[in-house]
There are 2 protein chains.
Amino acid sequence: MKRKITLKQIAKELDVSVSTVSKALSNSKEISEDTTKKIQAFAKLYNYRPNNIALSLKNRKTKTIGILIPEIVHHFFSTVIRGIERVANRRGYNVIVGLSNESFTKEIINMEMLANGSIDGFILSISKETLLKQDYHHFHATINQGMPIVMFDRVVNEVDCDKVIVDDFNGAVKAVKKLIENDCKNIALITTMDYVSVGRLRTQGYLEALQTSGIEHNSNLILKIDDSLDVENHLELLEAEIAQFFKTNPNIDGVFAVNELYAVSSMKVARKLGLKIPDDMQVIGFTDGVLSKHATPSLTTVSQHGQKIGEQAANLLIDRLEAEEAEPEQYFTNNEQKKDFIKVVIETEIIERESTK
Amino acid sequence: MKRKITLKQIAKELDVSVSTVSKALSNSKEISEDTTKKIQAFAKLYNYRPNNIALSLKNRKTKTIGILIPEIVHHFFSTVIRGIERVANRRGYNVIVGLSNESFTKEIINMEMLANGSIDGFILSISKETLLKQDYHHFHATINQGMPIVMFDRVVNEVDCDKVIVDDFNGAVKAVKKLIENDCKNIALITTMDYVSVGRLRTQGYLEALQTSGIEHNSNLILKIDDSLDVENHLELLEAEIAQFFKTNPNIDGVFAVNELYAVSSMKVARKLGLKIPDDMQVIGFTDGVLSKHATPSLTTVSQHGQKIGEQAANLLIDRLEAEEAEPEQYFTNNEQKKDFIKVVIETEIIERESTK
DNA sequence: TGTTAACACGAAATCGTTTTCGTAGAATAT
DNA sequence: ATATTCTACGAAAACGATTTCGTGTTAACA
């Protein structure tokens, strides 16, 4: 079992200096053709590869991106990772992922673990607990240390950085308008608590669509699910809540749900209550994941294009990293003049399936 | 915008040597109480944190684990990652993930990218293309360089390393036996091509269950899906194939599918053909993902416990890394005497839902 | 008073690279 | 024959930390 070979070992073996080896391997014309050939041959034979850590230390950059997300067993987030990984890889970067598990503390711990030299920049989506607490000091701290951050999906105005979001508002508007066009008279909204920004925006979109269509909104038709209870593992609770909601509002003939789970659960409950989808009730969800595609009936949804989000985020981050490299510091002008941060909005798209007419 | 502060800067600022600062921060009793206090106060003020890269270089270990998987938008794999991340984090490690995309070449590129010092060891699941080619030189190469590998799920006998697998064979046996107990007379198997080892094992389990129950197997009842066609994005093809299969074998009253997608698609097709589930046909799938839970009817499946797999794999890897550290090298005895590698088998469990009686 | 031990700190090596600068010897120019 | 320029290479610094070893000062001891 031989450890990886180093420049020093090659140098000793070939009786030249370390510098000579290094130069020969990078085809410096400072080194004679003979020596270069000899060294390169030896290096190839022993499968020499420069040590990344040493390079990182020397260059003061690691060529790796830190991803920090609330959860990984989640179609949307894993799709985003795939997008990030794709462009990162193409542009010569690695990705290292941390999971906050929706916890404020784990988010901080993870950030600190990675911010100490392990990565060149962050791509992250804020945990629910952090959103609830509205404590963003750790983001400010890392930005102040000169480490760029790109936020996606769950972003927040209080932090100055590049952002990639989906057009939650207009996505919701489109969805609800489609229900209206499809002759729904009483459109329900099933959403989360307000502190998750995406939930709030989608709710606003719902209201906007109703208003511009001249429909007055009925607050009884809005169901806010308290996801502090672990819904994913207690479907019964969720379903019971929805069932109750449908029973007290028997006139509902259209449902806009802010995520897949709520949408699919609604369909399930509706069916149990003897309603036919899409004849008696039409349903549109948000996030185009596996569930939407494979549910029966398959679900019409607002697609978020997670992969595109990831790709954009990665490009944004790497662009900034390499810009910094080109014109170091002055990029960060004096404090008055803020850097101009970019906010990319990814358009949503309605994917029509069987749950609407 | 201030860069992160270093020992050297603290030293200069406080007019002591770098060594003194380092020692003071680690509470060495070599340093007087006064100086220690002063240095620690200063360090805290400037939020000093040692640079990970420098530490990695010095200690010749990075405290990070490389994960290399075929695909991340996949319930099973992301669950495994979650398991890995959980114990890695608890034990002070980071994880860096690479995606092979089922491609042999990308697998190699990713390995090489990470093997040059970025990580201390691998946890990986082999890509389909690699399995097909049966070319495992890159695994042998990295192992020979002294970097431990733990394989999970898609493993292979040709490579000597720790492994964590689910008991595919017995899982399949259990599933098929359950169908038999439930009075199914003609049990179909919907599986993948043989080169994916897990598919093969599950197929063998199917055969075994039939045999021990004294049922002679009918090869017409086995449908092998060629997943070289991108099934996930061409559901129609998959469904058409299954429909054809069901039509030519109208006597099928039980289906064992080697993954969720095939199982859910079978249910969908069956329903379209006017069959009631579970009355006319019972279905059991493999892998307990979102689909199984939320399908209607919900799917009885063989659960793989992905998270447990990840946790075991991480523990195995970290144990080995830290053992190496304790008794360096001799751990790798001479070539004759192989290290004793561990193969952990995670038991499967049948989760009964609505698709069986 | 001279010797030794304890204390508190600094210098330097090390991890593996890259890169700048210096220089011995050969080749060329004057 | 002397001055100059190449050629081909090596020494050393640097990245940021830890650790071993050495050393000057003071305190304790004989």
Query raised in the report: Separation of B/Lys29 atom NZ from C/dC9 atom P, in whole Å?
Result: 15 Å
Query raised in the report: D/dA14 C1' sits how many Å from A/Lys61 NZ, rounded?
Result: 16 Å
Query raised in the report: Rounded to whole angstroms, how far apart are CG on A/Asn27 and P on C/dT19?
Result: 14 Å
**Report entry** salt_bridge(B/Glu33, B/Lys37) N-O dist < 4.0 Å
**Finding:** yes
Query raised in the report: Between A/Ile31 (CD1) and D/dC6 (P), how many Å, whole number?
Result: 18 Å
Report task. Whole angstrom is fine here: how far is it from CG in A/Asn52 over to P in C/dG16? Result -> 13 Å
Query raised in the report: Could you give the distance from CG (B/Leu68) to CD1 (B/Ile126), rounded to the nearest 0.5 Å?
Result: 10.0 Å
Report task. Assess the side chains of A/Ser28 and A/Ser26: does a donor N or O sit below 3.5 Å from an acceptor N or O? Result -> no
Report summary line: In 5'-to-3' order, the base (B), backbone-only (S) or no-contact (-) status of each nucleotide in nucleotides 16-23 of chain D, using a 4.0 angstrom heavy-atom cut-off, is BBBBBB--
Query - Between C1' of C/dT18 and CD1 of A/Ile10, the distance in whole Å - result: 15 Å
Query raised in the report: Are OP1 or OP2 of C/dC9 and a side-chain N or O of B/Thr35 less than 4.0 angstrom apart?
Result: yes
Query raised in the report: Do you see a donor-acceptor pair shorter than 3.5 Å between the side chains of B/Lys4 and B/Asn51?
Result: no
Query raised in the report: Say you draw a straight line from CG of A/Leu317 to CG of A/Asp120; how long is it, rounded to the nearest 0.5 Å?
Result: 8.0 Å
Query - Whole angstrom value for the distance that separates C1' of D/dA8 from CG of A/Leu14 - result: 16 Å
Query raised in the report: Just checking, any donor-acceptor pair under 3.5 angstrom between side chains of B/Asn52 and A/Ser118?
Result: yes
